[in-house]
Amino acid sequence: MTQEFKYPFQLPNDYKVGGIKNFDNGASKKKLPKLFEPLIIKDLELKNRIVVSPMCMYTSTDGYMNDFHLVHYAQFARGGAGLVMVEASAVTEEGRISFGDVGIYKDEHLDGLKRVVNFIHSHNTKVGIQLAHAGRKASTKPMFLPDSRKTISPDEGGWEFYGPTEEPYLSNSKYLPQPLTTEQIYDIIKSFGIAAGRALEAGFDVIDIHSAHGYLLDSFLSPLSNKRTDEFGGSFEGRIKLLLEVIKEVRTHWPMSKPLFVRISCTEWVEGGWTIEDSVKLTQILKNQGLVDLIDCSSGGNNQNQKINTGPMYQVAFAQEVKEKSSILTSAVGMINTAQQAESILQDGKADIVMIGRQFLKDPNFGIHAAVELGIEIHVPIQYNYFSK
């Protein structure tokens, strides 16, 4: 009788995709590469420190995931990553960057999200989701279409969008963001909490709150984009209030036993804007509140006048400074292209995990190849064992 395989199937209990294989840490006295050391955060155990960074694919319709997303994220689970982060997922319909964004703003989105979560889990890999609201950078075309950086009108498939005040992200934009009322702000805060509850129902292991790159929460942090004079503007304390309220609301739906990350732009790269010193002050507050477990350290994206000094690992210093001065776990991200680079970041104590983005797009098996580069062998998907012998 032919045996039928059902998805998601259960791997043997002693088989862990991406787990260390035939590594002798005894007689040989070899030291396990830091990149492949497990990491425990709350109730979560990562098999290694390799994380697929959240990257927008702009391939959804009305926020729904489809077959593209299943195949896209599945390849990283098979490729040796310890944690796969699902792209920025809008907590409200108008909070999408484009009409192609993934959404988590209605219950009907859960089936598509669960498909991805279940497959990744079936390969002994953890999965997280980034909760986002695009704010004044909403209502654009997907980035691979012509004029993708321009705001589009409702007649062109866009919608009314919002910001702290009327300051647009694009100085030549014909359409200005609508200033959020206090009531609207509290509605958005609630939307983040509801989305967190959906993420829990879908089975995600981690939530990453997107407060970077000029999107809504980040735009409230910066004195250049937040000109409000009410409780959500003005002073440093006023400008960080929205993020703090979102974190508290998310935690009412997301158990304290499960990790919560926050992505921030550690510097705005513009004179008079948000700085690394501001980021350290913020992350010290987050550490003391005890609601956030890890800071995902990126930069820029909130101002067209930014002057970024890019290069290999150019943002790692931000992760190091936040880690050292705030005593909180951090992630390094940005042009980390090789296993040796990732390993050196961890060995030097500059971050606790590394988030890899573009390199995983170039090489979905980056995790497996990183193990080879660092001289260890890990389990590949069981179906591929025959070809690897």
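Not counting sequence neighbours, the partners of Glu37 by the salt bridge (charged side-chain N to carboxylate O under 4.0 Å, His left out) test are Lys34, Arg49. With sequence neighbours excluded, the residues that form a side chain to side chain contact (heavy atoms under 4.5 Å, CB included) with Asp218 are Leu221, Ser265, Asn302. Qualifying side chain to side chain contact (heavy atoms under 4.5 Å, CB included) partners for Glu321, counting only residues two or more places apart in sequence or in other chains: Ile276, Val280, Lys325. Among residues two or more places apart in sequence or in another chain, the ring pair (Phe, Tyr, Trp, His ring centres under 6.0 Å) test is passed with His72 by Phe68, Phe76. The side chain to side chain contact (heavy atoms under 4.5 Å, CB included) check on Lys323 picks up Thr330, Asp352, with sequence neighbours excluded. The side chain to side chain contact (heavy atoms under 4.5 Å, CB included) search around Ser98 returns Tyr58, Asp101, Thr140, Pro142, not counting sequence neighbours. Listed by chain and residue number, Glu167 satisfy the side chain to side chain donor-acceptor pair (under 3.5 Å) test with Thr165 (two or more places apart in sequence, or in another chain).
Under the 3.5 Å distance criterion, the side-chain polar atoms of Thr125 are matched with a main-chain donor or acceptor of His123. For His69 (side chain) and Asn66 (main-chain N/O), a donor-acceptor pair under 3.5 Å exists by modelled atom type. Proximity of a side-chain donor or acceptor of Gln130 to a complementary backbone N or O of Pro54 within less than 3.5 Å is not detected.
Looking only at side-chain heavy atoms (C-beta outward), Met65 and Arg115 stay at 4.5 Å or farther from each other.
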- Could you give me the CA-CA distance, side-chain angles and deciding distance for Ser299 and Trp269, then say whether side chain to side chain donor-acceptor pair (under 3.5 Å) is met? CA-CA 8 Å; Ser299 69; Trp269 298 102; 2.8 Å; yes
- Would Gln178 and Glu160 count as a side-chain contact (heavy atoms from CB on, under 4.5 Å) if you check the C-alpha gap in whole Å, the side-chain angles of each, and the deciding distance to 0.1 Å? CA-CA 7 Å; Gln178 297 297 309; Glu160 192 172 69; 3.6 Å; yes
- Message: Before you tell me yes or no, could you show the steps for Val206 and Leu44 under side-chain contact (heavy atoms from CB on, under 4.5 Å), namely the whole-Å CA-CA distance, both residues' side-chain angles and the distance that decides it to 0.1 Å?
- Response: CA-CA 8 Å; Val206 175; Leu44 175 71; 3.5 Å; yes
- Task: Please lay out, stage by stage, how Val322 and Ile328 fare under the test side-chain contact (heavy atoms from CB on, under 4.5 Å).
- Result: CA-CA 7 Å; Val322 168; Ile328 195 168; 4.0 Å; yes
- Query: Could you go step by step and tell me if Tyr314 and Ile308 meet the side-chain contact (heavy atoms from CB on, under 4.5 Å) rule?
  - Reply: CA-CA 9 Å; Tyr314 73 103; Ile308 303 179; 3.7 Å; yes
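For residues 321-344, the set of pairs meeting the ring pair (Phe, Tyr, Trp, His ring centres under 6.0 Å) definition, not counting sequence neighbours, is empty. Residue pairs that meet the salt bridge (Lys or Arg N to Asp or Glu O under 4.0 Å) test with at least one member in residues 175-200, sequence neighbours left out, are Asp107-Arg198. For residues 183-233, the set of pairs meeting the ring pair (Phe, Tyr, Trp, His ring centres under 6.0 Å) definition, not counting sequence neighbours, comprises Tyr186-Phe232, His210-His213, His210-Tyr215. Sorted by first and then second residue, the pairs that involve residues 245-264 and meet salt bridge (Lys or Arg N to Asp or Glu O under 4.0 Å), not counting sequence neighbours, are Glu245-Lys248, Arg251-Asp293, Arg263-Asp296.
Here the CZ-OG distance, from Phe99 to Ser60, works out to 11.5 Å after rounding to the nearest 0.5 Å. Atoms CG and CG, on Asp205 and Asp43 in that order, are 10.5 Å from each other to the nearest 0.5 Å.
Other residues, nucleotides and ligands place no more than 12 heavy atoms under 6.0 Å from the CD atom of Glu271.
Residues Val91 and Leu260 fall within the same hydrophobic cluster, defined by Ile, Leu, Val, Met, Phe, Trp and Tyr side chains chained together at heavy-atom separations under 4.5 Å.
Membership of an apolar cluster is not assigned to Ile194, as no side-chain contact below 4.5 Å to another ILVMFWY residue is traced.
Geometrically, Arg96 engages Trp159 in a cation-pi contact, judged by NZ or CZ lying under 6.0 Å from the ring centre and within 45° of the ring axis.
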